[in-house]
There are 2 protein chains.
Amino acid sequence: MDILYQRFIDHYSGSQQLTDHTKAEICNHLSILHLNKKHVLIKENQRHDFAYFVIKGAVRSYFLKDGIEVNTWFALENDMVGSLQNFNDKPSKETIELVENSTLISINLKKLKPLMFLNIQISNFINAVIEEYALFLEKKIYFSQMMHSIDKYLILLDKEPQLFQRIPLTYIASFLGITRETLSRLRAK
Amino acid sequence: MDILYQRFIDHYSGSQQLTDHTKAEICNHLSILHLNKKHVLIKENQRHDFAYFVIKGAVRSYFLKDGIEVNTWFALENDMVGSLQNFNDKPSKETIELVENSTLISINLKKLKPLMFLNIQISNFINAVIEEYALFLEKKIYFSQMMHSIDKYLILLDKEPQLFQRIPLTYIASFLGITRETLSRLRAK
DNA sequence: GATTTCATTTGATATATGTCACAAAATCAT
DNA sequence: ATGATTTTGTGACATATATCAAATGAAATC
């Protein structure tokens with residue numbers, strides 16, 4: 001098995017030991033991709049069969065609100081990107097686009113998902129992926145309830161300093177829910 | 001099987017047909033509770049073994065930020081409340097408290113969770129619960145990214161009108177991330 | 001390396017929301 | 001019912017952030 005696939009599987013198998021057979025079944029639905037900056041993985045309002053795991057690179061998610069891009073998050077190495085909507089055969093609410101030239105693993109959800117009704121290890125594996133995602137969303141919500149944007153800025157700077165090296169401030173400001181001018185002024189301190 | 005248990009199980013079994021044996025296994029870990037307004041189901045920073053499904057009543061979740069309650073959501077009939085943290089044996093980040101006298105089903109996570117490694121139907125059942133929760137969180141985040149609070153107010157009024165009948169405006173304002181004074185002024189239009 | 005494009009910073013002003021103080025209304029407990 | 005408590009509404013003013021405009025700085029393209 002490719003070492004990159006191993007890395008993806010290890011990242012989500014947690015306490016559970018997967019048999020070689022299960023690992024092979026999962027790998028059947030994985031592929032490695034090399035794609036360039038600005039490439040769009042998932043388009044808002046479209047159905048897609050794939051989710052992606054970032055091996056190397058940076059990715060952003062955003063949706064359009066009154067014609068303006070609202071950035072919702074940034075994924076770096078070992079993060080998973082995709083849409084739970086897609087997992088349920090519904091159109092994505094977000095566009096997902098590369099911010100750097102990146103190496104990704106694509107996961108064929110359409111083919112992997114039905115296996116969860118046949119293979120309990122795969123069911124628990126998918127469970128782990130969704131659970132990690134839900135914990136991540138909880139953190140984001142907690143964060144978004146901070147009243148002052150200066151607090152949000154400082155926490156983000158503390159918890160995710162890499163973002164400020166790799167993601168344009170315009171996108172970060174949008175994620176924080178403020179204009180780029182305001183972010184610039186907060187930083188001038 | 002109690003009809004209320006049936007209602008809870010049906011709500012999450014979705015496409016999947018559960019055998020009577022599986023249903024019985026789940027029911028072993030359910031109980032019905034009648035509790036009064038202000039009763040605290042889950043305390044911030046404490047571990048708990050239970051999640052709850054609202055049969056009748058209203059519940060709020062909040063955490064303390066600089067000594068101030070920040071309300072994070074309100075659950076009504078057929079909603080599930082609890083903490084993913086508890087599901088992973090970690091202390092809850094939120095306090096969950098009844099806003100009305102309520103009837104609830106308690107779910108013993110500590111005992112139910114290990115069964116997901118033994119019974120694939122239970123694994124998929126738990127999967128459905130967590131997935132619905134994650135979709136709900138996604139909606140909340142989308143909502144929280146609305147820039148103007150007037151938009152948030154109007155959307156909430158449209159999508160969740162019952163909240164305004166049953167949940168004090170102070171709590172709703174806190175959830176919207178504005179003061180009660182500001183909410184009061186928005187409403188005066 | 002020069003040119004174009006994109007990202008960031010700074011300034012002046014307008015607007016939205018917060019804060020504090022208090023009044024009015026609704027709800028609760030006795 | 002009555003008074004006490006909680007919830008909601010209104011006013012005056014302070015502050016944070018948005019908006020618009022322009023300058024500077026950095027990165028990509030040729």
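Everything numeric here is computed off the predicted structure, so don't read it as measured data. Quick note on labels: first sequence line is chain A, next is B, and so on, each numbered from 1.
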For the student: nearest non-hydrogen atoms of A:Ile107 and A:Phe53, plus distance
CD1-N, 4.1 Å

Does any N or O in the side chain of B:Gln46 come within less than 3.5 Å of the main-chain N or O of B:Pro91, such that one atom is a donor and the other an acceptor?
no

Can you figure out which of D:dG11, D:dA18, D:dT8 approaches the side chain of B:Glu181 most closely?
D:dG11

Drop me the distance from A:Asn124's CG to A:Glu131's CD, to the nearest 0.5 angstrom.
10.0 Å

Please determine whether a side-chain nitrogen of the Lys or Arg among B:Lys38 and B:Glu97 lies less than 4.0 Å from a carboxylate oxygen of the Asp or Glu.
no

Relative to each other, are the rings of B:Phe143 and B:Phe175 parallel, tilted or perpendicular (30° and 60° limits)?
parallel

Closer than 4.0 Å, any side-chain N/O of A:Thr179 to the OP1 or OP2 of D:dA18?
yes

Within the structure shown, what part of the strands sits under 4.0 Å from A:Lys37 by heavy-atom distance: base, sugar-phosphate, or nothing?
sugar-phosphate

In this structure, how many angstroms lie between the P atom of C:dT17 and the CG atom of B:Leu176, rounded?
11 Å

Short of 4.0 Å, heavy atom to strand atom, which residues of residues 161-171 of chain B count as contacting DNA chain D?
B:Pro168, B:Leu169, B:Thr170

How close or far is atom P of C:dA7 from atom CD1 of A:Ile172, stated in whole angstroms?
13 Å

Can you tell me if A:Thr182 touches the phosphate of D:dT17, counting only side-chain N or O atoms and a distance under 4.0 Å to OP1 or OP2?
no

With A:Ile55 as partner, the option from A:Leu104, A:Asn78, A:Thr103 fulfilling side-chain contact (heavy atoms from CB on, under 4.5 Å) is A:Thr103

Toward the 5' end of DNA chain C, which comes first, B:Arg180 or B:Leu186, by nearest nucleotide?
B:Leu186

Which of C:dT9, D:dG9, C:dT17 is nearest the side chain of A:Arg187? It is C:dT9

A cation-pi test, strictly: NZ or CZ of B:Arg60 under 6.0 Å from the centre of the six-membered ring of B:Tyr171 and no more than 45 degrees from its axis. Yes or no?
yes

For the side chain of B:Ser123 and the backbone of B:Gln121, is there at least one donor-acceptor N/O pair under 3.5 Å apart?
no

A:Lys56 with A:Glu77: basic N within carboxylate O range, under 4.0 Å
yes

Measure from CG on B:Asp151 to C1' on C:dT15 and round the result to the nearest Å.
15 Å

Mind grabbing the angle between the end helix axes of the helix from C:dG1-D:dC30 to C:dT30-D:dA1? Five pairs an end, 10° rounding.
60°

Tell me: NZ of A:Lys38 to C1' of C:dA7, nearest whole Å?
11 Å

Distance, rounded to the nearest Å, where B:Ile150 contributes CD1 and C:dG18 contributes C1':
17 Å

Nearest-angstrom distance from the residue atom CG of B:Leu183 to P of C:dT19:
15 Å

Whole angstroms only, please: what is the NE2-P distance between A:His148 and C:dA16?
19 Å

Side chain A:Arg185 and base C:dG11 donor-acceptor under 3.5 Å
yes

